[in-house]
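Below: one structure, written as structure tokens.
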Amino acid sequence: MLAELADRDATVTELTAPLPISMPAVSRHLKALERAGLISRTRSGKLRMSRIEAAPLREAAEWIERYRRFWDTSLTRLDAHLAAVQAADRPTDRTAHGPAIPDDESPGKPHDKEN
């Protein structure tokens, strides 16, 4: 309904036409939007037109954008931190196969150490 009202002012009948809900349901939605300050309604004769109120929507969008940027930055820092922790926990090639043992000291060979 807000998208439709963003294009033009409309009556309950016009807003109900493309929707799979009843006119009373659309009217209840419009009353809730009006109480929230997102639309205003005017009466001209028998017609009751609904009009979108852009200022509250703009304020909400700005508030949401601030938090989106906050979480985007926070999650980017968390991702970098986790990558650093994982990189620090990864074994290097040298330790991946255990400590290096010189060939002459490999298991099963006697150790002839000359003193």
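- Counting heavy atoms from C-beta on, the side chains of Ile39 and Leu2 come closer than 4.5 Å.
- To the nearest 0.5 Å, atom CZ of residue Arg68 and atom OG1 of residue Thr73 are 8.5 Å apart.
- No side-chain heavy atom of Thr11 sits under 4.5 Å from any side-chain heavy atom of Lys46.
- Proximity of His29 to Leu15: side-chain heavy atoms (C-beta onward) are nowhere separated by under 4.5 Å.
- Other residues, nucleotides and ligands contribute at most 12 non-hydrogen atoms within 6.0 Å of the CZ atom of Arg51.
- Following chains of ILVMFWY side-chain contacts shorter than 4.5 Å, one cannot reach Leu57 starting from Trp63, and the two form parts of different hydrophobic clusters.
- In plain terms, the two heavy atoms of Glu53 and Pro56 that are nearest each other are O-CD, 3.3 Å.
- If you chain together hydrophobic residues whose side chains sit under 4.5 Å apart, Leu19 and Met49 never meet in one group.
- Follow the hydrophobic side-chain contacts under 4.5 Å out from Met1 and you reach Met23 in the same cluster.
- Both Leu33 and Ile21 are part of a single hydrophobic cluster, where members link through side-chain heavy atoms under 4.5 Å apart.
- One distance of note links CZ of Arg77 with CG of Asp72; it measures 11.0 Å at 0.5 Å rounding.
- Taking the centre of each ring, Tyr67 and Trp71 stay at or above the 6.0 Å mark.
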Next item on the list: Please test Val12 against Arg41 for side-chain contact (heavy atoms from CB on, under 4.5 Å), starting from the C-alpha separation and ending with a verdict.
Entry: CA-CA 10 Å; Val12 174; Arg41 298 174 84 189; 3.6 Å; yes
Item checked: Verdict with supporting geometry, Glu65 and Arg69, salt bridge (Lys or Arg N to Asp or Glu O under 4.0 Å) -> CA-CA 6 Å; Glu65 180 59 21; Arg69 283 192 311 265; 3.6 Å; yes
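- If you run side-chain contact (heavy atoms from CB on, under 4.5 Å) between Ser50 and each of Val26, Thr42, Leu30, only Leu30 comes through.
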Check: Could you walk me through whether Glu34 and Lys31 pass the salt bridge (Lys or Arg N to Asp or Glu O under 4.0 Å) check?
Finding: CA-CA 5 Å; Glu34 185 177 23; Lys31 286 177 186 174; over 6 Å; no
